[in-house]
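We use all heavy atoms of the structure for the numbers below, so side chains are in, but hydrogens, waters and symmetry mates are not.
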Amino acid sequence: MRAIFFDEDDAQAVVARLRADGFEAHVERERLAGEDDDEDHPWAVLSDAPAFMLEVLVDAHDGWLDEDDGAEQAREQGAPSAPLHLPTAPKRIKRPDLG
């Protein structure tokens with residue numbers, strides 16, 4: 001799970017709280033697409049804490065919760081899905097008696 005904050009102090013406070021509660025957590029700079037100024041990048045807190053706990057901390061420190069893309073990437077790289085059934089000819093709608 002990943003929590004995003006615009007203030008470094010808020011991110012550090014969340015990391016300290018999570019570590020005090022026995023979870024792994026660290027802060028890194030989150031680069032947003034289209035942002036050129038390094039000073040405007042938000043701070044991301046990555047943790048193995050449960051989602052409900054991060055939600056409470058995010059609400060208290062004015063941030064937002066971002067679901068980790070790891071599950072989506074694993075699904076994309078996993079076993080291929082069954083091939084789609086595609087029609088071999090156009091479907092006749094106006095005159096169904098012709099085909």
| note | The side-chain hydrogen bond (donor to acceptor under 3.5 Å, both in side chains) partners of Asp21 (sequence neighbours excluded) come to Arg17
Which atom of [X] lies closest to which atom of [Y], heavy atoms considered:
| X | Y | value |
| --- | --- | --- |
| Ile4 | Ala44 | CD1-CB, 3.8 Å |
| Trp43 | Asp7 | CD1-C, 3.9 Å |
| Ala3 | Val58 | CB-CG2, 3.6 Å |

| said: Please give the remaining members of the hydrophobic cluster of Leu86, linking ILVMFWY side chains under 4.5 Å, ordered by chain and number. | reply: Leu84
| said: Once you measure the plane-to-plane angle for Phe6 and Trp64, does it fall in the parallel (<30°), tilted (30-60°) or perpendicular (>60°) bin? | reply: tilted
| task | Spell out, as yes or no, whether a donor-acceptor pair under 3.5 Å connects the side chain of Arg2 to the backbone of Leu65. | result | no
| query | Can you find a heavy atom in the side chain of Val27 that is under 4.5 Å from one in the side chain of Gln12? | reply | yes
I'd like a table of donor-acceptor pairs (distance under 3.5 Å, sequence neighbours excluded) in which one partner is a side-chain atom from residues 45-57, with atom names and distances.
unit_1, atom_1, unit_2, atom_2, d
Ser47, OG, Glu24, O, 2.9
Ser47, OG, Ala49, N, 3.0
Asp48, OD1, Glu24, N, 2.9

